[in-house]
There are 2 protein chains.
Amino acid sequence: MDSSGIRDALTEKGLRVTPQRIAIYEAILKLNNHPTADDIAAHIKLDHPNIATGTVYKVLESLVENGLIKKVKTEKDVMRYDAILENHNHLYCAESDRIADYYNEEINNLLTDYFRQHEIPDFKIADIKLQIIGKFLNETE
Amino acid sequence: MDSSGIRDALTEKGLRVTPQRIAIYEAILKLNNHPTADDIAAHIKLDHPNIATGTVYKVLESLVENGLIKKVKTEKDVMRYDAILENHNHLYCAESDRIADYYNEEINNLLTDYFRQHEIPDFKIADIKLQIIGKFLNETE
DNA sequence: TTTTTATATGAGAATAATTCTCTTTAAAGA
DNA sequence: TCTTTAAAGAGAATTATTCTCATATAAAAA
């Protein structure tokens, strides 16, 4: 997504288009290992030296609320952010704290079908997340 | 598990048996909605008024490290703890912040088999967690 | 274009969970 | 019982995040 796509996305959600919002959204798209708020702040401070930390958090919150990005949680107590909205799961390595996206429609369908056929009593499923924890081999990053 | 079972479990892991560790372990077993460190501290402060918060965290950490309990992460930024080691998944309701255990061997086997047959390149799976997010109906708690 | 107004930002204090440091205590083995 | 060493207590420190409020600015209205 380019800068004008970002503007459009913000406008469409009824959010004011501000340089900070554009910069933060761009940063999430660019920084690909599911950045933390801090990663994002550090990255955009090059172009926006005066951006306040609180602004970063507030913008992230409103982007999440408006479904433009997602929050990703790890074992650590820091939230991370993901601009990919397409249904996908995560591979997570606790050792390196690296998160990789894992696309596999088959497993999504398998789970969706399974729970369509086996409803859970007194519980309405909104989302199913599969977190695959392990270790990356042949680290190339 | 009773008090002597806890003593045995600690000894078996090479951990010293202290009143604080017993109290904390007992608290996790007793408080069943996946308590936070704070829940646990509040609960045991009745019997152990002088327990330090840091001790609670340190004990929880060593219990987790020794595989006696597990850490559970929710959407919120507080860690919660679970004394159930048996392979199970969690039902989580963001609205009420309630976590319920979900036992279903079938789904565990389904996932295990699936990933045995479909290995992920360059990634060694250690654990697969399924987090089922939604809403509890007929709240009875 | 200028004015208006509601919303967003900046700055920094406040909060909350967790960790750390250092001294004292006590569990477990000799 | 004595000794050793891990564990606990106290409270400061750290870290991520939220909050407050004055100022700035995007977008709508004139």
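Labels below follow one simple rule: chain letters A, B, ... track the order of the sequence lines, proteins then strands, and each chain is numbered from 1.
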**Student:** Is it the case that over 12 heavy atoms from other parts of the model lie below 6.0 angstrom from the NZ atom of Lys45(B)?
**Tutor:**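 Yes, enclosed.
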**Student:** With a 4.0 Å cut-off on N to O distance, would you call Arg80(A) and Asp97(A) a salt bridge?
**Tutor:**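 Asp97(A) and Arg80(A): salt-bridged.
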**Student:** Side chain of Val59(A) only, please: which of dG9(D), dT9(C), dT17(D) is the nearest?
**Tutor:**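 The answer is dT9(C).
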**Student:** Between dG9(D) and Gln20(B), is there an OP1 or OP2 to side-chain N/O distance shorter than 4.0 Å?
**Tutor:**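 True: Gln20(B) side-chain N/O within range (under 4.0 Å) of dG9(D) OP1/OP2.
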**Student:** Consider the side chain of Lys58(A), meaning its heavy atoms from C-beta on, and name the nucleotide among dT9(C), dA16(D), dT25(D) that approaches it most closely.
**Tutor:**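 Nucleotide nearest to Lys58(A)'s side chain: dT9(C).
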**Student:** dA16(D) P sits how many Å from Leu60(A) CG, rounded?
**Tutor:**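 Interatomic distance, CG of Leu60(A) to P of dA16(D): 14 Å.
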**Student:** So does Lys124(B) have more than 12 non-hydrogen atoms from other groups sitting under 6.0 Å from NZ?
**Tutor:**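 For Lys124(B), atom NZ is not crowded (no more than 12 foreign heavy atoms under 6.0 Å).
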**Student:** Kindly point out which of dA27(C), dA8(C), dA8(D) is positioned nearest to the side chain of Pro19(B)?
**Tutor:**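 Of the candidates, dA27(C) comes closest.
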**Student:** Quick one: OH on Tyr92(B) to CZ on Arg98(B), what's the gap to the nearest 0.5 Å?
**Tutor:**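 Between atom OH of Tyr92(B) and atom CZ of Arg98(B) there are 12.5 Å.
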**Student:** Please tell me if the side chains of Phe115(B) and Ile120(B) come closer than 4.5 Å, counting only heavy atoms from C-beta onward.
**Tutor:**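 Result yes, sub-4.5 Å side-chain heavy-atom pair found.
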**Student:** From the list dT17(D), dA7(D), dA8(C), which nucleotide is the closest neighbour of the side chain of Arg21(A)?
**Tutor:**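 Closest nucleotide among those given: dA8(C).
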**Student:** I'd like to know if Arg16(A) reaches the base of dA6(C) with its side chain such that a donor and an acceptor end up less than 3.5 angstrom apart.
**Tutor:**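 By the distance-only test, yes, there is a pair.
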**Student:** Report the nucleotide, chosen from dG10(C), dT18(C), dA8(D), that has the shortest atom-to-atom distance to any side-chain atom of Val78(B).
**Tutor:**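 Of the candidates, dT18(C) comes closest.
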**Student:** Measuring from the side chain of Ile51(B) (C-beta onward, heavy atoms only), which nucleotide among dG9(D), dT17(D), dT18(C) has the closest atom?
**Tutor:**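 Among dG9(D), dT17(D), dT18(C), the one nearest the side chain of Ile51(B) is dG9(D).
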**Student:** Which whole-number value in Å describes the distance from Ile44(B) CD1 to dA8(D) P?
**Tutor:**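 Atom-to-atom, Ile44(B) to dA8(D), this comes out as 10 Å.
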**Student:** At less than 4.0 Å, is any side-chain N or O atom of Tyr57(B) found next to OP1 or OP2 of dT18(C)? Yes or no.
**Tutor:**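 So the side-chain polar atoms of Tyr57(B) do come within 4.0 Å of the phosphate oxygens OP1 or OP2 of dT18(C), strictly under.
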**Student:** Just the rounded figure in Å: distance from C1' of dT17(D) to CZ of Arg80(A).
**Tutor:**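 Result: 17 Å.
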**Student:** Reading DNA chain C from 5' onward, which residue's closest nucleotide shows up sooner: Leu15(B) or Gly54(B)?
**Tutor:**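 This one resolves to Gly54(B).
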**Student:** Among dT17(D), dT9(C), dA10(D), find the nucleotide with the atom closest to the side chain of Thr18(A).
**Tutor:**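 It is dT9(C).
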**Student:** Rounded to whole angstrom units, what separation is found between the CE atom of Met79(A) and the P atom of dA16(C)?
**Tutor:**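 Between P of dA16(C) and CE of Met79(A): 17 Å.
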**Student:** Given atom CD of Glu61(B) and atom C1' of dA8(D), what is their separation to the nearest angstrom?
**Tutor:**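 That distance rounds to 14 Å.
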**Student:** In whole angstrom, what separates Asp39(B)'s CG from dA17(C)'s P?
**Tutor:**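 Whole-Å distance recorded here is 10 Å.
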**Student:** Could you state the NZ-P distance from Lys13(A) to dA26(D), rounded to the nearest angstrom?
**Tutor:**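 Distance, rounded to whole Å: 23 Å.
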**Student:** Rounding to an integer number of Å, can you tell me how far Asn50(B) CG sits from dA26(C) C1'?
**Tutor:**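 One finds 15 Å between C1' of dA26(C) and CG of Asn50(B), rounded.
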